Structure formats: structure tokens, C-alpha cells
Number of protein chains: 2
Amino acid sequence: MLGASQAIEANVYGGAHISASAALASSEPSVDRFERGTIRRIEAKEHVFCDGDPRTHVFRIEEGVIALSKLLGDGRRQIIEFAYPGDYIGLGTLREHIFDAQATCAAKVRCLSAAALEQEASRDAGLALRLYKAVSAELAATRALLVSVGQQSAMERLAGFLLSLSARTANPGDETVVKLPMRRSDIADLLGLTIETVSRTITKLRTMHVIDVVRGTEVHILDIERLTELAGQ
Amino acid sequence: MLGASQAIEANVYGGAHISASAALASSEPSVDRFERGTIRRIEAKEHVFCDGDPRTHVFRIEEGVIALSKLLGDGRRQIIEFAYPGDYIGLGTLREHIFDAQATCAAKVRCLSAAALEQEASRDAGLALRLYKAVSAELAATRALLVSVGQQSAMERLAGFLLSLSARTANPGDETVVKLPMRRSDIADLLGLTIETVSRTITKLRTMHVIDVVRGTEVHILDIERLTELAGQ
DNA sequence: CGTTCATTTGAGTGAAGTCAAACCGAGTGG
DNA sequence: CCACTCGGTTTGACTTCACTCAAATGAACG
């Protein structure tokens, strides 16, 4: 059906710890309109929007990574997903955002009017259906993360995270080099662990010669089979 | 806008640990067609569908509770949501189910053709938009559960769960009596805990005189303020 | 070269897990 | 009506994985 739907299914089956909503793009002119919003540049750690802000826009990531997260009163934070280029954030039906969206590194996003999008979708079944599929894919990815956080050990979570990153962002053809465009604290808050546990687990994977880490931000997967085993099912 | 949307928002803001997708019902005749599927009776512990089954139907819960869960190879299980009467399960775009749906107690579901639903939605923007909103509400609920499982202590998770159950299922007017139509193991698998921890935590709440438990399955909330505090933010 | 921020490593603690046994209520059949 | 079973729950004793606190190391930058 849609050109994008295959990419979505691939993501979902990959058991993603990251967003999987790339279904809105379309070649129809009636939709392209929403692809023409202004570009906004975001600094590392800058917010795209905050918990409680009115939901005026939907954003498509053009460059960089945006972390969607919930901050609890005492400083604990859960990251819900990392949104990569092609992903949309801010979809939904609520009038206000209920999460923070913060860049983990310098990024660019395209701003699309939420009201215009919703209005057009109420007339255009094709667009509404793409919205449905985009959110469904995101739901599947969030459920996969929930399974990981609820049931798996630190090692399983981290191995699974690296594999999902690899499947999602590595150059096609070379799945062994994975860039980590976020701090350890972001990974920790995604996986429901602490910075120290993430660091120790990465170290363990290095001493096992399953991965190699270059300058802290680039992971080379040396033994993808072993890594897959370590990720559990 | 839609009559159901208010119910959805109430659920989402309630920080639900349970499903929140009651957006499909409509008074339009073109949609009512999908509300006329056959009723299927489900025994306690019986499956509505299994992980891997072709996704031929969407189901609306009419009675009882259905647990959506993922089973890992070694027996660990994560429950994704409890679906209550009015909720839909089996929505999405994948050709196969990727979760188990199992009754926690005797239940009835209405079976609706997934193909017919999707086909109708590709013509009817209103239906497609309702699908979008239903899945969006479910996404918000799943995210809330992820935050709880990823960041909160056993006590916080259980207190939050009891409150969300109370908001969702207690008789309007008396939010203090909550029926638990599932085993301790189901609660444990939803919250990412063990049976023993769930049991111990319930016992602690009882000795604190925050709740009272009748015959193991009926919780009386004695001090809802204290319970709310214990649930954290 | 010093400052700052992020990461790693170490030592000790604790919340939740495991294993095991006791308890309880609902059926069932003698 | 009681004894027995059976699934589910509770409680107890002990263990462990991940957390906390603290210090050392490393990388980036003016």
C-alpha cells in the first residue's frame, strides 16, 4: 500500500526502542501541503516543546534526535522514545502536550500546524488513515520498550537497544557501526536504569569483545550473533 | 467533537495502567455496521487470540477483562494492558498479532472484521479519524504505564494501579470499592514485579490502613489521599 | 593549562527477586 | 458434613542485581 508502510513494519518487527512513525509522508499533493512547514533549528538539550504546552504543532524530525520524556516531580525521568529523522512527534488528540520533547544533540525539525492537519484529516480519509498507521506503529514500538523495561535485565535491555539502534540508523550494508547521538543519561532514562549501570554494562560488553566503543559515542558491533543472544527474545 | 473523546481524555489524564480506547463507538449508521459482529464467550484464562495469529478480527470487550500480553521464551510475561468493557483490542496495521490476548476472568467480546473495518476506513474519514483517536488514547495509556514501570518503586506502581482501576471501574459516586478481576500474577506481570512483591505490598497497604481487602479480590480504599501520595506524581 | 561536563570505576547498600513452606477458600466426593 | 485436593495467596529466609555515594579519569574547549 503506502510506500512508508514497509519501513514501519520492519521497525515494529525489529522490536524497536525508538520511534517508528514514518507513515505520514505521501506523494499526494493534498498531503504535501503539510510537509511544507518552516524549519526550526534546535540546540542540543533545547526543548521543542514542554509538558503542559498547548499542542499547536506537529513536528517532523529533519536532522538529529529528539527525546520524548516525562519528568517526575523529584527529578526522575522516563524517556518514551528517541525520534529520528523522518519521525513525527506531537501527534495525538490532546489539547496539551503531556511530555517534554528535548534534543539530545543539535537538530532540525519541520513545524506543521496541528489544527490544519486535523482539519484536513477530517475530510481526507487517506490522510486520517496514515495518521492511524503512524500512531499504531508508535504504539507497537512503545509496547516493545515496555516489555523490555518491565521484564529484562540490564544486559538484555542494553543489547536490545543497541540492536534496535543498529537496525534503525546504521548505514544499510554495514550494520556494525552505530552512532550514539545521546548521553549515557538519556540511554539510562530510556531503559529505566542508572547512568552507572549503563556504563558498567557497556564496559562488560567491551571486555566480552561483543562491541568496541570509539570516543564514547560510536559503537562497533563485533559479534552481532552474541549480542542478539544477550538481548534475549 | 465526538461523544467518546471526553471519556478518552479523562482516562489519559488519569494516568491509566489500563486501556483507554473507547473512541470507535458512533451513532453514524455507516459505522454501526461494525458494531454488529457476533458475540463470543471467553472462559477465564482462554485466549481471544495468540501471538502470531493472523489479525482477522478486531474485538470489542462486552464483559469481563482481557489481558494483552507478550510472552518471552523463558516464561517471563509482560502484560501491556487490561482491556475493559468498551475497549477495543486488535487494532493496528500489522497482518499478524504480536501479542497474546487472554481473559483474566469469564468474558464476552464482539468480533468485528478487521478487513472490512480497514476498507471502510479508507473511504470514511470520520471512521479513520476515530481509529486514529482510539489508538492515540491507547498510546498515551501505554506511555503512562511505561513511566510507572521504568521509574517507580513497587509501592508507587501498585498505588497508581489501584487508583487507575478505581477511576476506571468503580461505581461513579463510590470510588472506594475496587474489584480485582485478575490474579496477583496478572497484576505482577502488568507492573513488572513478582507475585510475592505484589502480595507484600498489598499487605503493607493493609497494615497502614490505607486499603482493606475482602476475600482477596475486592479492595476498599480507606484513605484515598494517602494512596495518592504513595502513588507519587 | 585549567575548567567543565561526561563517563568510568569502586565500595557498600538496599529493594525486589528467588526459593520454600504455610495458609486459605472453593469445590468435590466419600 | 467432613476430609481432601487444588489453585491461588501470603509469609519467611536468604540472595542478588541494580542503585547510591564517592572518587578518578577522560574529552572538549576557551
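Below, chain A is the first sequence line, B the second, and so on; all start at residue 1. These numbers come from a predicted model, not from an experiment. We use all heavy atoms of the structure for the numbers below, so side chains are in, but hydrogens, waters and symmetry mates are not.
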Heteroatom pairs (N/O) under 3.5 angstrom, protein to nucleotides 14-21 of chain D:
{"from": "dA18(D)", "atom 1": "OP1", "to": "Ala154(A)", "atom 2": "N", "distance (Å)": "2.7"}
{"from": "dC19(D)", "atom 1": "OP2", "to": "Thr194(A)", "atom 2": "N", "distance (Å)": "3.3"}
{"from": "dC19(D)", "atom 1": "OP2", "to": "Thr194(A)", "atom 2": "OG1", "distance (Å)": "3.1"}
{"from": "dC19(D)", "atom 1": "OP2", "to": "Thr197(A)", "atom 2": "OG1", "distance (Å)": "2.4"}
{"from": "dT20(D)", "atom 1": "O4", "to": "Arg200(A)", "atom 2": "NH2", "distance (Å)": "2.9"}
{"from": "dC21(D)", "atom 1": "N4", "to": "Glu196(A)", "atom 2": "OE2", "distance (Å)": "3.0"}

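- Side chain of Asp189(B) to main chain of Asp186(B): no donor-acceptor pair is present (N/O by atom type, distance under 3.5 Å, no hydrogens or angles).
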All N/O donor-acceptor pairs, side-chain side in residues 196-206 of chain B, below 3.5 Å, sequence neighbours left out:
{"from": "Thr197(B)", "atom 1": "OG1", "to": "Thr194(B)", "atom 2": "OG1", "distance (Å)": "3.1"}
{"from": "Thr201(B)", "atom 1": "OG1", "to": "Thr197(B)", "atom 2": "O", "distance (Å)": "2.6"}
{"from": "Thr203(B)", "atom 1": "OG1", "to": "Ser199(B)", "atom 2": "O", "distance (Å)": "3.0"}

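- Atom CG of Leu205(B) and atom C1' of dT11(D) are 16 Å apart (whole Å).
- Salt-bridge annotation for Arg168(A) and Asp87(A): present, with a side-chain N of the basic residue lying under 4.0 Å from a carboxylate O of the acidic one.
- If you check residues 177-188 of chain A against DNA chain C, the residues with a heavy atom closer than 4.0 Å are Arg183(A), Arg184(A), listed by number.
- By the 4.0 Å N-to-carboxylate-O rule, Lys108(B) lies close enough to Glu63(B) to be salt-bridged with it.
- The separation between Arg215(B) atom CZ and dT10(D) atom P is 14 Å, rounded to whole Å.
- dG17(C) atom P lies 15 Å from atom CZ of Arg77(B), rounded to whole Å.
- Counting only residues at least two apart or on different chains, no salt bridge (charged side-chain N to carboxylate O under 4.0 Å, His left out) pair has a member in residues 207-218 of chain B.
- With sequence neighbours excluded, the residues forming a ring pair (Phe, Tyr, Trp, His ring centres under 6.0 Å) with His97(B) are Phe49(B), listed by chain and number.
- Nearest-nucleotide positions on DNA chain D for Lys45(B) and Thr203(B) put Lys45(B) closer to the 5' end.
- Whole-Å rounding puts the Ile195(A) CD1 to dG26(D) C1' distance at 16 Å.
- Screening residues 139-161 of chain B for salt bridge (charged side-chain N to carboxylate O under 4.0 Å, His left out), with sequence neighbours left out, gives Arg76(A)-Glu156(B), Glu81(A)-Arg143(B), Glu138(A)-Arg143(B).
- One finds no salt bridge joining Arg55(A) and Glu96(A) here, because no Lys/Arg side-chain nitrogen approaches an Asp/Glu carboxylate oxygen to under 4.0 Å.
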